[in-house]
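Quick caveat: nothing in here was measured; it's all calculated off a predicted structure. So you know, we letter chains A, B, ... as the sequences are listed, proteins then strands, and number each from 1. Values below: all heavy atoms of this structure, side chains included; hydrogens, waters and symmetry mates excluded.
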Protein chains: 2
Amino acid sequence: MKISAQEEYGLRCLVQLAALPEGGSLTLPQIAEREGISIANAGKLMWLLNKAGFVHSTRGTKGGYSLERPAEDIRLSEIIKVLDEDVLSKHCGSYTGVLDSCVHNGDCGIRPVIIGLHMLVENALSQITLAQLVGSERSVDAMFHRVHSIHRTVEPHGV
Amino acid sequence: MKISAQEEYGLRCLVQLAALPEGGSLTLPQIAEREGISIANAGKLMWLLNKAGFVHSTRGTKGGYSLERPAEDIRLSEIIKVLDEDVLSKHCGSYTGVLDSCVHNGDCGIRPVIIGLHMLVENALSQITLAQLVGSERSVDAMFHRVHSIHRTVEPHGV
DNA sequence: AACAATCTTGACGAAAAAATAATGATTTGC
DNA sequence: GCAAATCATTATTTTTTCGTCAAGATTGTT
C-alpha cells in the first residue's frame, strides 16, 4: 500500500504554492524546477489541480498558478481524492470500486479490512490542511500525532 | 493510495487456507478457482508466501499448500510487508525508501505525512490476525473498530 | 500588429506492474 | 520404472501507469 507518483507530486506542487507569501504565484517552469520534475509533467498535474478548483491559473506573460482557496481550508484528503480519480482502484474490495464483479460475492473476508483502511487513511488525511504542511509544526513527530489522533468524522459503513 | 493487486490476492490466498479445517490443504488449481485468478498467477503468489514462511507446500499427487504457522499468530502487517517487497516504493518520502536522491533534502513538508501514513497503516494491520478474517467477528463494523483503535506499538521516528 | 511568455490538451513513447507461458523438479500411485 | 499430478522458477507478453512531446490558445508587451 503506497502513495502513487501522481498523488505525491501533485501534493508537492500544492505545497509549493502554499509556501508562497499571500497572493504569490509560480509559473510552470518554476514549479517544475522546485520539484525536480519536467515542465510537461508539472503541467499535467497543475491542469488536474486547476480543474478540481484548488488553483487558479492565468495565461500569458506574467501568468502562473496561485491557490484558489486559502491553504487553511484545503484538506489533504480532498487533494488525494482528486489526484486518485484517474487511477481508480478496480479491486472488488475497494472502498470506491466495483463490488459486483467479484467471485467472493457476499462472503469476502478481506473486504471489511480494505474498506476500513480506506476510511482510516481518509480520516487521517482529513485532519491535515495544506497550511499545516508549511507551518512551523511539521516535524515527523508533530505529524505523527496529528495523523494518529482519531476524530470520528467518518462512520462505519453498513455494507 | 491503494492496495496493490499482489497484496490483495496474496492476502486472499492465505485467507482461503486459514478458512480450512485444522490441517487442511489446497492445490494451486483449487486456490486459483476460489479466487478467480489464473493458476499461474496463484502459483507465483504462493511461491512468495512459501518463501516467506507463511505456508508449507508439498509436491506430487496429493500435494498442495497449507498454513505453516497458526492463523492466530499471523498478522496482516507481516503479510503485506512480504507481498510488497517486490514492488518497493521508490519515492523519496517513503518510510522504507531512499531519502538521498531527493531534491527536497532536509526540508520536505510532506515526508512526515507519508511516514505517518505508513506507520498508521502498519499499526492498524498489525492488530488483525488471519484468524480474525475467517472468524465470526468480521463485519465491516467490527473490522472498522479494530482498525481504528490505536495501540501505540509503533513509536514516532526521530527523523 | 507582432512577438514572447505562458497555460491547455490530446497523442505518443517509456517504464513499471501484472498476468501468462513455458520449462523443470518432486512426489505419489500403479 | 513409468505416468500422472503437483509445486518451483524463470522468461515473455500484456496491461496499466507515468512521463514527454507537440501543436494550439490566451495574455501581456512593445
Side-chain angles (χ1 to χ4, degrees), chain A residues 1-13 17 25-33 35-68 83-92 94 97, chain B residues 1-13 16-17 24-33 35-68 83-92 94 97:
Chain A
M1 198 163 193
K2 71 181 177 193
I3 198 171
S4 76
Q6 187 156 263
E7 288 172 314
E8 173 163 350
Y9 285 110
L11 184 51
R12 284 186 189 281
C13 291
L17 293 184
S25 76
L26 289 174
T27 69
L28 231 26
Q30 287 174 322
I31 294 173
E33 198 213 347
E35 290 306 329
I37 59 180
S38 73
I39 295 176
N41 200 8
K44 190 193 281 184
L45 290 171
M46 295 312 292
W47 176 65
L48 278 175
L49 293 170
N50 182 30
K51 240 190 0 175
F54 292 115
V55 303
H56 171 76
S57 73
T58 56
R59 297 206 243 197
T61 312
K62 297 292 176 186
Y65 294 93
S66 55
L67 284 188
E68 174 87 34
L83 294 169
D84 232 357
E85 233 157 47
D86 281 5
V87 190
L88 250 188
S89 173
K90 297 295 191 310
H91 296 148
C92 74
S94 156
Chain B
M1 199 163 194
K2 71 181 177 193
I3 198 172
S4 74
Q6 186 156 263
E7 288 172 314
E8 172 164 351
Y9 284 111
L11 185 50
R12 285 186 187 283
C13 291
Q16 290 295 343
L17 293 184
S25 75
L26 289 175
T27 69
L28 230 27
Q30 287 174 322
I31 294 173
E33 198 213 346
E35 290 307 330
I37 58 181
S38 73
I39 296 176
N41 201 6
K44 190 196 282 184
L45 291 171
M46 295 313 292
W47 176 63
L48 279 175
L49 294 170
N50 182 31
K51 245 193 350 178
F54 292 115
V55 303
H56 171 76
S57 73
T58 55
R59 297 207 242 197
T61 312
K62 296 292 174 188
Y65 295 93
S66 56
L67 283 189
E68 173 86 37
L83 294 169
D84 230 357
E85 234 156 47
D86 280 6
V87 189
L88 248 188
S89 173
K90 296 296 190 308
H91 295 149
C92 74
S94 156

Output the rounded distance in Å from CD1 (A:Ile31) to C1' (C:dT6). 12 Å

Residues in side chain to side chain contact (heavy atoms under 4.5 Å, CB included) contact with B:Thr61, at least two apart in sequence or another chain: none

Summarise protein proximity over nucleotides 20-30 of chain D in one line of letters, 5' to 3': B for base, S for sugar-phosphate only, - for none, counting protein heavy atoms closer than 4.0 Å. BB--BBBBS--

Write down the distance between CG (A:Leu28) and C1' (C:dT9), rounded to a whole number of angstrom. 13 Å

Quick check for you: to the nearest 0.5 Å, what is the distance between A:Leu17 atom CG and A:Tyr65 atom OH? 10.0 Å

The reported gap from CG in A:Leu48 to CZ in A:Phe54 (rounded to nearest 0.5 angstrom) is 10.5 Å

I need the NE2-C1' distance between A:His56 and C:dC7, as an integer number of Å. 11 Å

Please check the phosphate of C:dA17 (OP1 and OP2 only) for any side-chain N or O of A:Lys2 closer than 4.0 Å. yes

Any side-chain N or O of B:Trp47 less than 4.0 Å from the OP1 or OP2 oxygen of D:dC7? no

Between atom CG in B:Leu48 and atom C1' in D:dT10, what is the gap in whole Å? 13 Å

Can you name the side chain to side chain contact (heavy atoms under 4.5 Å, CB included) partners of A:Ala40, sequence neighbours left out? A:Ser38

Given C:dC7, C:dA18, D:dC18, identify the nucleotide with an atom nearest to the side chain of A:Pro29. C:dC7

Rounding to a whole Å, what distance do you find between A:Glu7:CD and D:dG19:P? 13 Å

Would you mind reading off the distance between A:Leu83 atom CG and D:dT17 atom P, rounded to a whole angstrom? 15 Å

Listed nucleotide nearest any side-chain atom of B:Tyr65, set D:dA8, C:dC7, C:dA18: D:dA8

Going from CG on B:Asp84 to CD on B:Glu7, what distance comes out if it is rounded to the nearest 0.5 angstrom? 4.0 Å

Which whole-number value in Å describes the distance from A:Leu45 CG to D:dT17 P? 16 Å

Taking all atoms of both residues into account, what is the closest heavy-atom pair of B:Thr27 and B:Gly63, and its distance? CG2-O, 3.6 Å

How long is the line joining CG of A:Leu26 and C1' of C:dC7, in whole Å? 14 Å

Using OP1 and OP2 only, check whether a side-chain N or O of A:Tyr9 sits under 4.0 Å from D:dT17. no

What's A:Gly43 touching, base or sugar-phosphate or nothing? Going by heavy atoms closer than 4.0 Å. nothing

Hey, does the side chain of B:Asn50 come within less than 4.0 Å of D:dC7's phosphate (OP1/OP2), counting only N and O? no

Measure the spacing between CD of B:Gln16 and CG of B:Leu67 and express it to the nearest 0.5 Å. 11.5 Å

